[in-house]
Amino acid sequence: MGNPPAVTTSFVGREAELERTERALDEHRLVTLTGTGGIGKSRLALQCAERLDPDRAGGVCWADLSHLYDDASLATTVCDAVGLLDHSRRRPAQALARWLADRELLLVLDCCERVVGACRRLVGELLAAAPGLTILATSREPLDVAGEYVVEVPPLGAAGEEGEALRLFHDRAAVAAPDLRFDTPAAVAAAAEICRRLEGIPLALELACARLRDTGPQELAATLVSRLDSLTDDSIWPRRHRALRTTIGWSHELCAPLERLLWARLSTFRGVIRLSDAQIVCAGGPLAVGRVADGLDRLTSQSVLRREGAGYRMLDTLREYGAMWLRELGEEEMLADRHAAHFASVAARAHTGWLGPGQLAWYRRVDEAHHDLCTALDHLLATDPERALSMAGQASLFWSCCGHLHQARAFLGRALACGPKSGPDRTRALWALGIVLTLQGDHEAARRAGEECERSARADNDAESILSAAHTVGMNLLMMGRPEMALVVSDGTLEELPVDPAAAPSVLRCRVIRLFALTALGRLDEAFEDALGLQELSVRYGDRWARGYADHQLALIHLLRGRPADAERHARAMLRSKHELKDSLGIALGLDLLAGAIASLGDGLAAARTSGTGHSFWRMVGHPQRGTPELGAIRDRWEGMAREAAGSAAYETAYARALHGDAAHGLSLVLHPDRSG
């Protein structure tokens, strides 16, 4: 299953709801689990997805929508969930519909209530376009789409039967307080009373169990009875929300003052929360930096936070409560400013760290922080357009390589419209926009962005600006099939500005353009020497991105010169590099060359599998015609060799299986052929 949430606790009960949901998924294409926050909708959906017969569907993809607070990013979030890193200029929803059109897939949309209107429109469009698609949604309200089947998720122990609620209580109590024993009539009665008073709401039970470290079950039950009985005004909290709200409020009150402050301030985050991020964003006033780590651990022990990898995550319902208190404290704007300033700094340091041994770590950092970077950029566009322009340009090359082209284009367009009209930050944003537009195939718009970038760069009188402009113009010329002009642009600029890559990283990017142009023009001797030089420079300065493309061209030149073993070695090196950088376009290019090398070495079946996986990546980036038309005739020759070696029927079977299988799994088999058996 793709992108499932991290879960560290057991699943308890819910057999009736599981069976009902599974039956509904057999009979309906849209099933929505509804219920109040904390009732267990997401966990039930996850359990259904994990129990799904793998032969029944082509896979399960999970889209977490809990971080969305507007409609704009919904389609791109779902694209990420299904593995579509679309490089075309189509609307994300159109690209998504096309991608899913011939697939058998269960798509889980979790926490739709944030963007229920946008979900309604997107779900309707996808179900109409993709007959093999089934959607399981979780929401506090139905989506109201034709054909929707709604399963209302009840509390545990509905209809007076508290068995499941008790089982969950005992399970979580054993984790929270492993030495506690429920071996007396009073303790057993107290556990049953807690479950009854908390109405079997799983999140309320988990929060209550976290208190068993500090108090016994009888005291816990007495406190809950007192608190719930004191709430007689249902207009304050509707009856069906009182148990959960009361438990959250009580958990909040039992936190130490600094823990409550940290809880409120952490609600500003949208993704995984690193300790270092929390220290920078949340510390201040009475909450010293040195207290943040202890506060995170305390909130985790009280089930307010959950560990995820090396960081923490807050459930959406608890984030809502924290955000409410942040407003009450009058700190909402201050924390939004601080959060935005911090993630703008992350983008700036990632941009500065592009060259060097930390390049891969910065890629992963930007990818992990994607939701918080978007939130920060949204805030800066409204409050500090100058800083927003700088941040958009600094983050966008990472986003482009990681496949977030639609978001990069939208943010760059907004930042350029409202930010300063001159200066290096504007030049950088125009450079990044030109790259995005070229990758989307919008060559006329890319040409205009490139021309404006050139004018801005000359006004800057700065080497990096001028080289960046040459890079974006040259790349667009290459993709338009004009390698001679791309060579003129890159050569002219490199000769004009013979600077060190440490001072101007776009030197290496222009060298990539020059190398591709030389190969496309058939000047293979020059290209070979240039590729070796670029490889040496990339190693010296720690640039995996440029080194990957140097390996690509070395693989191509070796193939054209009849040296398939050398070509295979360089193609595999490129693939490893591009896989680490999540550069799907680079992966597609590398798989094409690796298939050719394997075919030339006589292994037709392996070439078929590699070619099919490569085609699946071309489809993933929105270029089903495989993106490199100048290699079309050469590819046909490689395919002919592979067919002859394997036999046409066997070739077709292996190719189709790889094309329609899981692309990530196919790539893993290509990268590790020894595991394919």
Side-chain angles (χ1 to χ4, degrees), residues 5-10 37-38 42-43 64 66-67 168-180 202-217 219-220 223 244 247-326 329 331 335 338-339 342-343 346 364-365 368-369 371-372:
V7 174
T8 58
T9 55
S10 60
S42 299
R43 194 60 192 278
D64 177 12
S66 64
H67 62 278
L168 180 68
F169 180 85
H170 285 299
D171 182 89
R172 301 303 189 257
V175 174
D179 295 330
L180 189 64
L203 178 57
L205 290 168
E206 292 194 14
L207 291 170
C209 283
R211 292 294 154 201
L212 291 172
R213 294 183 181 89
D214 307 313
T215 187
E219 293 83 359
L220 179 62
T223 303
L244 178 61
T247 312
I248 295 174
W250 180 52
S251 296
H252 185 261
E253 288 177 21
L254 291 177
C255 288
L258 292 183
E259 294 164 8
R260 293 199 293 268
L261 180 60
L262 180 59
W263 180 348
R265 290 178 174 179
L266 288 171
S267 69
T268 309
F269 288 88
R270 293 289 176 265
V272 174
I273 306 166
R274 286 188 174 194
L275 170 60
S276 58
D277 294 334
Q279 288 172 326
I280 292 169
V281 174
C282 299
L287 181 58
V289 171
R291 303 292 296 274
V292 172
D294 288 342
L296 290 170
D297 288 340
R298 283 288 299 158
L299 290 175
T300 302
S301 71
Q302 295 167 79
S303 296
V304 176
L305 296 175
R306 296 185 178 180
R307 290 195 180 274
E308 184 164 321
Y312 304 83
R313 188 181 288 275
M314 187 180 291
L315 288 179
D316 192 45
T317 305
L318 300 176
R319 187 194 299 136
E320 282 181 349
Y321 194 87
M324 178 189 75
W325 276 103
L326 194 66
L329 292 169
E331 290 192 353
L335 263 292
R338 195 183 291 175
H339 175 276
H342 171 58
F343 282 98
V346 169
R364 291 173 176 167
R365 176 76 164 112
E368 176 195 83
H371 298 315
D372 283 296

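- The closest side-chain donor-acceptor pair between Asp297 and Tyr312 falls under 3.5 angstrom.
- In this structure, the side chains of Leu180 and Pro217 come closer than 4.5 Å at one or more pairs of heavy atoms.
- Scanning for ring-ring contact (aromatic ring centres under 6.0 Å, His included) contacts around His371 gives His67, with sequence neighbours left out.
- Of the possible polar contacts, one joining the Arg213 side chain to the Ser301 backbone as a donor-acceptor pair under 3.5 Å is found.
- Here the side chain of Arg338 pairs no donor or acceptor atom with the backbone of Ile280 at under 3.5 angstrom.
- Arg274 is listed as a side-chain neighbour of Arg365, based on a closest heavy-atom distance under 4.5 Å.
- Each of Val281, Leu258, Leu275, Asp277 was evaluated against Val292; a single residue qualifies, Leu275, per the side-chain contact (heavy atoms from CB on, under 4.5 Å) test.
- Side chain of Arg265 to backbone of Gly284: a donor-acceptor contact under 3.5 angstrom is found.
- Taking the side chain as every heavy atom from C-beta outward, Arg172 and Ser10 approach each other to under 4.5 Å.
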> Could you go step by step and tell me if Trp250 and Leu207 meet the side chain to side chain contact (heavy atoms under 4.5 Å, CB included) rule?
Replying inline: CA-CA 9 Å; Trp250 180 52; Leu207 291 170; over 6 Å; no
> When you look at Leu266 and Leu299, which way does the side chain to side chain contact (heavy atoms under 4.5 Å, CB included) test go after all the steps?
Replying inline: CA-CA 11 Å; Leu266 288 171; Leu299 290 175; 3.9 Å; yes
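- A 6.0 Å sphere centred on CZ of Arg291 holds no more than 12 heavy atoms belonging to other residues, nucleotides or ligands.
- Salt-bridge formation is detected for the pair Asp316/Arg319: a Lys NZ or Arg NE/NH1/NH2 atom is positioned less than 4.0 Å from an Asp or Glu carboxylate oxygen.
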> So Leu305 and Trp263, side chain to side chain contact (heavy atoms under 4.5 Å, CB included) or not? Walk me through it.
Replying inline: CA-CA 9 Å; Leu305 296 175; Trp263 180 348; over 6 Å; no
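- Using modelled atom types, no side-chain atom of Asp372 and backbone atom of Phe269 make a donor-acceptor pair closer than 3.5 Å.
- If you check the side chains of Gln302 and Arg211, you find a donor sitting under 3.5 Å from an acceptor.
- Note that CG of Asp171 and SG of Cys209 are 8.5 Å apart. Values are rounded to the nearest 0.5 Å.
- Note: Gln279 CD to Ile273 CD1 = 12.5 Å, rounded to the nearest 0.5 Å.
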>> Pair Arg306, Glu206 - check side chain to side chain contact (heavy atoms under 4.5 Å, CB included), show working.
In response: CA-CA 12 Å; Arg306 296 185 178 180; Glu206 292 194 14; 2.9 Å; yes
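- Considering only heavy atoms from C-beta on, Leu203 stays 4.5 Å or farther from Thr247 through its side chain.
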